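Note that the coordinates shown come from a computational prediction; the quantities given were computed from them, not determined experimentally. Just so we're on the same page: letters track the sequence lines, and every chain starts at 1.
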Amino acid sequence: MIYDVVIIGAGLAGMTAALKAIEMGKKTIVVSHGASTMQVMSGCIDLYGDDRNPWPALEELVSQNPAHPYALLSQEEIQEALSFFIERMKESCPYHNQEGFTNFRIPTAFGEERSTCLLPEGQFAGQSAAADVKSRVLVVGLKGYPDFSAELLVEGMHKRGYQGWDAAEVDLSCLQMPGERNERVKRAGTSSRRHKGLSANSVEIAKRLEKSWQHFAEELRGMVQGFDAVAFPAVLGLDEHLVVKRGLEKYLGVRVFEVPTIHPSLPGIRLARSLGAELRESGCDFLQGFPVVSADIRERQCGSIIASTPGRPRCVRGKNFILATGGVLGGGIFAERKGAREVVFRLPVANPGADAYIQADPHSAKIADLTAALADTHSSRAADLIATRVAALADDAHKEQSGTPGNRRKADSPQFTTSGLRHQISISQAGVRVNQQLLPVDEDGSVLLENVFCAGRILAGYDPFIEGSGAGVAVSTGYKAALEAGRLGNNE
Amino acid sequence: MNEQLDRLLDHCIKCSDCQGVCPVAAHNPQYPGPKLLGPDLARIKCAGGAKGNTPEAAGELLRSLEMCSGCQRCELACPYGVPVAQLIRQNRDVLQRKLLLRDKMLATPQVLGQMGTAIAPLMNPVLRNSLVQKMIKGMLGLEMEQPLAFASRKDLLQPTLRQWAGAAEGKVIYFPGCHVNYQEPEVGRAFLQLLDILGVKALVTDQICCGMPLLAAGNREKAHTAFQRNIQIFKEYVEQGSQIVTTCPSCSLTLKKIYVEELGTEEARQLASAVYDYSEYLEQYSSCLAALVHPLRERAAYHLPCHTQAQGTGLAGLQLMRLVPGLELNVVDDCCGQSGTYGFKAEKQGVSRAIGSSLVWRIASIEPDIIITPCGSCKDRLSFASGVQTVHPVQLLNNACQK
Ligand SMILES: Cc1cc2nc3c(=O)[nH]c(=O)nc-3n(C[C@H](O)[C@H](O)[C@H](O)COP(=O)(O)OP(=O)(O)OC[C@H]3O[C@@H](n4cnc5c(N)ncnc54)[C@H](O)[C@@H]3O)c2cc1C
Ligand code: SF4
Ligand code: SF4
């Protein structure tokens, strides 16, 4: 079996590429080591920055930084990719956008504000609530679920002048657990954790809500009088999220929205599952759970990739390949203190704008501590997570300096670039350099592989955290990679 | 715990991907999930010293260890190569409890099977009485909708060939496993017929249970004895370069992966590299099979068992099914919740059914004429819950060749 398109990586970039490849009639397979960043992300597709209209800023970025992944696409192509994504997710995981793909403003779990371009249906009502200072919103926390605090969110909103927001709490014991109907189970098992004051995780609450959201709605009915909308942590169902969310709205007679929480993040998991289901239904094959460890390359052409499976490795043959392994955090780049390498094709890793990976910052003891931890860790992935934390700290430090909470765009301003902090996050720009067709190139710009296209976080030259561009780059370059791979396939 | 595992612990960045895919965690509020039971608990164990002194804090976690069904999904989801399921299994070492009679019985399908075959003619009429059924199940703590019965058929295990005559080429060793041996010999027969059509000579040697049920029951010592015995049994053949083929995903996963993880010996590795899932083995005969099969006009739900996914052989099996013209394949890959004997245990039955219900619902929405799945225990569960005829892929292929 020779596939038309072999995609390595099941993140947002790889999955979008797969959707497009399948649509183009290509026999497609997605090979991935594990789950992806979607499990921890908010489900919102960030395009770029914090401006209401991100496009002028994007244009400026591209003109200043021609090596940025967004420079590989025209604005029309980016919008085409976003439209394609929305269209294909319409049924199973619907997304909203504004005319001309401008930014929405939504409340965060801390009652701050953030911008994003595409909003999943579950978070959509949040933007209208945040658009009106006079809005009256009840924020519902769940007793037994410590990862979300309604008070914290409301406090943040009050600080920003949204006085009509109020906090409430509902006890999770109103939810029935599937399987709990059986008394014998209760007797034989240990008593429920939540009865002992121990916490539940978001996935299991979501599952429980699917079975008994009506009980939950019953509890809430008396509380929501006089409010325009009700906000919940993002736990309103997993596979039947839309049933739960729409059901609650109908029952309570108010708009309902979710606020993303820490991992496991339901909006991202739903997106991952919907993409997976959509692809499977369209006839895409999957091989998940095993790292691709090498590739068979002859004369700059890849013929097959090799996944490490028990017993013996499994070889997947194809005509065209898409590398969407997600960079350091995703596992596609292995970083050591000496340097970094791309794990599948052994492509050179560029790290633009940095002479060292991580430098200690004399101004911040915390950052210095984390950096020390970084030197001790044996795992490159742990290293990257720490690096991410360092980046967040650096971002915070900057926020304190500039006095504008939650404003990421400021972080990208020149004085920030020249400060020592900029180096702290330099690892997040590390990646593979590509040409306009997304083919990997060396320092001189010569093509290294002629049928391997790169997409998503594996690309060099951008910082999704500071720019607020993570999912936007993944969707648009994933889409484009499939177009390029498909085009090449057709020419043959 | 071995050093290599210790090092892999460090790879866990607490991303919770594993938590998100664990079927038990999604359906059981008491279950702390793979991250806590695997890497986190292992860390506590490390801190407690080599003797496995576990701090009090781990008490709650320890009691949950038994709720893991061993589906391996957490391990497949982890982006960072943490052997989550293996860590959970290792962590169970600290559980020092007496095995229930029921668990001992379920852990030895071979003994049960041999005994059953002998006493079936006597016992089955008695078992037809529903009151007797209830009593026995209650006594043992079993919770199953299916009636208890002993297989009365003679097992396949009678070695077909004792002597390995001539060169190894064109010959394989078939490892049927206990499920085929004692409950569904027709699967084994279908496979042997298929091999015969392809001109492959198959040998069924004296062999014992792969040992997985023992390990699942928490009896590591006995399990290791079984592992070692199989390694010895197959050693000679492996050295001659012959292949060992199974039709049971759990047997082959055990032989290929669990032996190596548990024993870590070179011999285990050698055996692992000689063991093939039926689909991996038949792959080489694809073009031959394509020429042999007759069309089957059927709408099928093709279920990928957890343990097939855990070996990465799902594709190979699917590819084989695609050789059959007219067969409409709808792939489903959720956990059925049965996990061998897990779903039969009273304290786990609720969660097991809850896990399986969404899969059964999905299959029902496909409205299949037939369900195809390589795993015996998934097969039992699915055919019972859906009422749809369920077959092993080799049965389907064999039928398609015979018609
Ligand atoms: C905590 C967090 C929150 C975020 N929140 C947001 C947000 O709210 N909005 C937003 O727009 N962006 C967000 N981002 C950024 C954004 O999610 C990512 O930039 C984007 O999803 C990257 O997608 P990807 O497909 O390129 O890579 P990944 O999602 O990292 O996927 C990589 C895939 O490749 C696989 N892989 C890796 N190595 C191998 C190998 N050797 N063989 C086979 N497979 C391999 C992995 O298993 C994985 O499936 C967030 C990021 C993080 C870390
Ligand atoms: S998926 Fe892996 S890294 Fe993430 S929490 Fe689980 S074991 Fe740790
Ligand atoms: S093996 Fe399966 S049941 Fe056990 S923790 Fe992992 S995902 Fe959960």
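Between the CD atom in Glu210(A) and the OG atom in Ser358(B) there is a gap of 9.0 Å [rounded to 0.5 Å]. The distance from atom CE of Met1(A) to atom CG of Leu318(B), rounded to the nearest 0.5 Å, is 9.5 Å. Put simply, CD1 on Ile269(A) and CG on Asp17(B) are 7.5 Å apart, with the number rounded to the nearest 0.5 Å. Here the straight-line distance linking atom CD of Gln309(B) with atom CD of Gln288(A) works out to 8.5 Å at 0.5 Å rounding. The distance from atom CD of Gln19(B) to atom CD of Gln39(A), rounded to the nearest 0.5 Å, is 11.0 Å. Interatomic distance, CG of Leu304(B) versus CZ of Phe286(A), reported as 11.5 Å (0.5 Å rounding).
For Asp4(A), the side chain to side chain contact (heavy atoms under 4.5 Å, CB included) partners are Lys26(A), Lys27(A), Lys319(A), not counting sequence neighbours. For Glu328(B), the salt bridge (charged side-chain N to carboxylate O under 4.0 Å, His left out) criterion is met by Arg299(B), not counting sequence neighbours.
A side-chain donor-acceptor contact under 3.5 Å links Arg312(A) to the backbone of Val275(B).
Minimum interatomic distance between Gln311(B) and Thr309(A) (heavy atoms only, all atoms of both residues): O-CB, 3.5 Å. The minimum heavy-atom distance linking Ala26(B) with Val203(A) is given by the pair CB-CG1, 4.2 Å. Nearest approach of Lys257(B) to Pro310(A), heavy atoms of both residues: CD-CG, 3.7 Å.
Between Asp239(A) and Arg362(B), none of the side-chain N atoms (NZ, or NE/NH1/NH2) sits under 4.0 Å from a carboxylate O, so this pair counts as no salt bridge.
Only the backbone of Ser36(A) comes within contact range of chain B, with heavy atoms under 4.5 Å apart. Contact of Arg322(B) with chain A is made through the side chain alone, with heavy-atom distances under 4.5 Å. Only the side chain of Asp333(B) comes within contact range of chain A, with at least one heavy atom under 4.5 Å from a heavy atom of that chain. Neither the backbone nor the side chain of Ile262(A) comes within contact range of chain B; no heavy atoms are under 4.5 Å apart.
When each of Arg269(B), Gln72(B), Glu280(B) is scored by its heavy-atom pairs under 4.5 Å with chain A, the top score falls to Glu280(B). The most heavy-atom pairs under 4.5 Å with chain A, out of Cys18(B), Gly312(B), Ala272(B), Ser357(B), come from Gly312(B).
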